[in-house]
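From a predicted model like this one, the values you see are computed outputs, not experimental measurements. What's counted below: heavy atoms across the whole structure, side chains too, no hydrogens, waters or symmetry copies.
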Amino acid sequence: MDLHTLTIATAQKLLSQGKISSVELTQAFLDRVDLHEDRIAAFITLDKEGALVQAGLADEQIAAGNQAPFTGIPIALKDLLCTRGVKTTCGSKILGNFVPQYDATVVEKLKKENAVLIGKTNLDEFAMGSSTENSAFKITRNPWNQDHVPGGSSGGSAAAVAAQFCCAALGTDTGGSIRQPASHCSVVGLKPTYGRVSRFGLVSYASSLDQIGPITRDVTDAALMMNLICGNDPKDSTSARQAVPDFTQALDQFEKNSLKGMKAGIPKEYLGVEGIDPEVSVMFDRAKTILERLGVKIVEISLPHTPYVVAAYYIIAPCEASSNLARFDGVRYGIRDNESQDLIEMYKKTKSKGFGPEVQRRIIIGTYALSAGYYDAYYGRASQVRTLIMEDFSNAFEKCDLILSPVAPTPAFKIGENTGDPLTMYLSDIFTLSANMAGVPGISVPGGFSSKGLPMGIQMMAKHFDEISLLRAGFGFERALDLKPGFPTL
C-alpha cells in the first residue's frame with residue numbers, strides 16, 4: 001500500500017483499525033517530500049523531527065482509545081498562519097526570522113486533535129498574487145507540469161496536496177487564493193462563508209476579504225476538515241455566531257436524493273468574458289451536462305455589476321493591505337535596517353528591503369486611494385460597488401441554489417509568462433473575486449484536463465453559510481466525473 005496516496009477518510013479508518021500507524025503514515029509523506037520537494041518547492045519550512053514526534057504521540061493516543069477525527073493525520077499549513085515556536089514568514093523577507101508565541105485558532109484546533117503538522121507551505125508574499133511567483137524565498141511549481149505555476153496565493157498548499165506530500169492542507173482565500181490553485185493542481189479547494197472560520201492568528205492581507213479554508217484530495221475530506229475548523233471564536237471579532245452543522249451530511253444527502261430539485265444559475269455576464277480558453281469552455285459545458293444528469297436544473301441569472309468586480313476589488317484589497325502592513329516597521333518584530341541614522345530612515349529602509357515589488361505596488365495603490373482628496377473617489381466608491389455586488393448575489397440566490405462558473409479563464413500559465421503584466425495576472429481571478437466581495441462560500445472541484453495535461457476546475461458558489469449545498473453538489477459532480485488520472489507523475 002502506498003501510504004502517501006491515502007485520503008483523510010481512508011487514513012482515519014486504517015489508523016483506527018490498527019492497520020497503519022501515524023509514524024508510518026508521516027514517514028511515507030516525508031519520504032515523498034525527500035524525493036520530490038527540490039523540484040516542486042511547496043514548503044518554506046518543513047518540520048521533519050517535530051512531525052515524527054507528533055506522530056508518535058498520536059499513536060499513543062490511538063492506542064489509549066483517544067482517537068479524534070484528525071489524530072495522526074499529516075496536514076500542511078500555509079505560512080500565513082501563526083504557529084507557536086515555528087517560523088511564520090508570510091513568504092516575505094520582512095518576517096524571515098519571525099517565530100510566533102501563539103497558535104492561530106485553526107492550528108490550535110488541529111493540535112487539540114493531535115494532528116501531525118508537517119510544515120509551512122510557500123505562498124505569494126503576504127498572499128498577494130495568483131501564481132506563487134511573488135514569494136521572497138522560492139517559486140513553487142505545478143506538480144502536473146513543472147514549467148507552469150501552481151496558482152496562488154495558496155500555491156504551496158495546493159502543490160503539496162497534489163504532489164502527495166500530505167493528506168490535506170490549509171490555505172487562505174482573499175480573492176480566489178484557495179480555489180484558483182486548487183483548480184490548477186486538480187485538487188479540491190473550499191472558501192467558507194466569511195466569518196465561518198476564525199481568522200485569529202491569520203496574518204491579514206485584506207481583513208474584510210480573507211478567509212481560511214481546506215485544500216484536499218476530494219470533497220469528502222473537505223467536509224471532514226470543515227467539521228474541524230469552523231465555529232465561533234471570541235478571539236476573532238469577525239467570527240460569526242452561527243451553528244456549525246456536520247458537513248458530512250452533504251454526502252449523505254447526495255446518496256439519498258442525488259441532486260434532484262437543485263437549481264444552478266449561470267450568470268450571463270460570465271459567458272462573454274474575454275480571454276477564456278476554448279478548452280475551459282468545453283470543460284464547463286461538460287460540467288453543466290453532468291450536473292443536469294444528476295437532477296440539477298440549469299437557469300440563466302444575471303450578476304449585472306460583474307464588469308466592476310476586478311476594479312473594485314483592486315481598490316478595496318490594497319487599501320486594507322496598506323493599513324494592515326503598516327505594523328511591519330522594524331520596531332517590534334521582523335527584520336530591521338540597522339544602518340539608518342534616524343527613525344524615519346529606518347522605517348523607509350526596512351520596508352524597502354523587506355517588502356517585494358508586488359507588495360510595495362499594492363501598498364502604494366492602497367495608500368494613494370485612502371489619502372485625503374481621493375478617499376471618496378476611490379475607496380468610498382469601491383465600497384458602494386461592493387454593496388451592489390452583494391445585492392446581485394442576494395437577488396440571484398432567489399432563483400437558484402448554486403452559481404456555476406469555471407474557476408479560472410485559462411489553465412495554469414507558464415512560470416514567468418505574466419510577471420511583467422500585473423493586469424493580466426489580476427484578471428486571472430475574474431471568476432473568483434466576487435465570492436470574496438459578497439462574502440459567500442465557493443468551492444473548486446476538478447473538472448478535467450487540457451490537451452496539454454493541465455488541470456481545470458469547476459467553481460460553485462452558494463448562499464451565506466450554505467456550504468452543505470456546495471459539498472453535496474461537489475461530491476455528486478466528483479463521483480459522476482470519476483476523473484482519471486488522480487495524481488501527477490513526478
Side-chain angles (χ1 to χ4, degrees), residues 176 179 183 188-194 196 219-220 222-223 226 242 245 247-273 276 280-306 309 388-407 430-448 456-482:
R179 291 159 289 154
S183 173
V188 172
L190 196 157
K191 182 203 90 70
T193 304
Y194 183 80
R196 174 69 96 177
V219 176
T220 301
M226 287 288 287
Q242 188 79 15
F247 290 100
T248 60
Q249 291 174 6
L251 318 182
D252 296 333
Q253 287 178 12
F254 171 77
E255 296 287 5
K256 291 176 182 176
N257 301 309
S258 187
L259 301 181
K260 291 176 182 175
M262 295 189 83
K263 291 182 180 179
I266 310 293
K268 62 182 182 181
E269 292 80 10
Y270 288 3
L271 301 177
V273 170
I276 189 165
V280 172
S281 295
V282 170
M283 179 274 301
F284 185 57
D285 288 341
R286 183 175 65 242
K288 288 188 291 184
T289 301
I290 289 171
L291 289 169
E292 284 180 310
R293 282 199 221 115
L294 293 170
V296 176
K297 182 179 179 181
I298 304 294
V299 298
E300 184 180 276
I301 60 170
S302 179
L303 299 174
H305 293 92
T306 295
V309 169
L388 294 174
I389 292 167
M390 292 178 182
E391 290 175 356
D392 285 351
F393 274 83
S394 180
N395 293 334
F397 284 126
E398 291 179 3
K399 301 176 182 178
C400 60
D401 305 294
L402 304 171
I403 294 176
L404 299 181
S405 76
V407 176
I430 190 166
F431 294 123
T432 55
L433 293 174
S434 55
N436 299 80
M437 295 287 276
V440 300
I443 192 171
S444 169
V445 182
M456 300 175 289
I458 176 87
Q459 175 178 232
M460 305 175 191
M461 295 176 279
K463 309 180 180 73
H464 292 99
F465 302 105
D466 190 17
E467 288 87 357
I468 288 282
S469 289
L470 287 184
L471 291 162
R472 177 186 168 194
F475 180 68
F477 177 76
E478 176 184 76
R479 291 268 297 265
L481 185 61
D482 191 23

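Using a distance-only test at 3.5 Å, with no hydrogens or angles considered, a donor-acceptor pair links the side chain of Gln459 to the main chain of Phe431. The backbone N or O of Val440 lies less than 3.5 Å from a partner atom in the side chain of Lys191, making a donor-acceptor pair. A donor-acceptor pair under 3.5 Å links the side-chain atoms of Arg179 to the main chain of Thr432, judged by distance alone. Using a distance-only test at 3.5 Å, with no hydrogens or angles considered, no donor-acceptor pair links the side chain of His464 to the main chain of Tyr194. In this structure, the side chain of Gln242 does not engage the main chain of Arg196 through any donor-acceptor pair within 3.5 Å. For Glu467 (side chain) and Pro192 (main-chain N/O), no donor-acceptor pair under 3.5 Å exists by modelled atom type.
Looking at Arg479 and Glu255, their side chains come closer than 4.5 Å, going by heavy atoms from C-beta outward. Phe397 is not listed as a side-chain neighbour of Asp466, based on a closest heavy-atom distance of 4.5 Å or more.
The nearest pair of heavy atoms linking Val309 to Ser434 is CG1-N, 3.9 Å. Looking at every heavy atom in both residues, Gly261 comes nearest to Asp401 through O-OD2, 3.9 Å. Listed here is the closest heavy atom pair of Met460 and Ala473: SD-CB, 3.6 Å. Across all non-hydrogen atoms, the minimal contact from Leu471 to Ala250 is CB-CB, 3.6 Å. Looking at every heavy atom in both residues, Ala435 comes nearest to Met461 through CB-SD, 3.7 Å. When all heavy atoms of His305 and Ile389 are compared, the closest pair comes out as CB-CG1, 4.2 Å.
Applying the side-chain contact (heavy atoms from CB on, under 4.5 Å) test to Val299 and every residue at least two apart in sequence or in another chain returns Lys297, Ile301, Cys400.
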Side chain to side chain contact (heavy atoms under 4.5 Å, CB included) evaluation trace for Phe475 with Glu478: CA-CA 5 Å; Phe475 180 68; Glu478 176 184 76; 4.1 Å; yes

Steps toward side chain to side chain contact (heavy atoms under 4.5 Å, CB included) verdict (Ile403, Phe393): CA-CA 9 Å; Ile403 294 176; Phe393 274 83; 3.8 Å; yes

Side chain to side chain contact (heavy atoms under 4.5 Å, CB included) evaluation trace for Val219 with Phe477: CA-CA 10 Å; Val219 176; Phe477 177 76; over 6 Å; no

From CA spacing to verdict: side chain to side chain contact (heavy atoms under 4.5 Å, CB included), Thr248, Thr220: CA-CA 7 Å; Thr248 60; Thr220 301; 5.8 Å; no

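Atom CZ of Phe284 is separated from atom CG of Leu271 by 7.0 Å, given to the nearest 0.5 angstrom. For the atom pair Lys263 NZ and Leu291 CG, the distance stands at 15.5 Å (nearest 0.5 Å).
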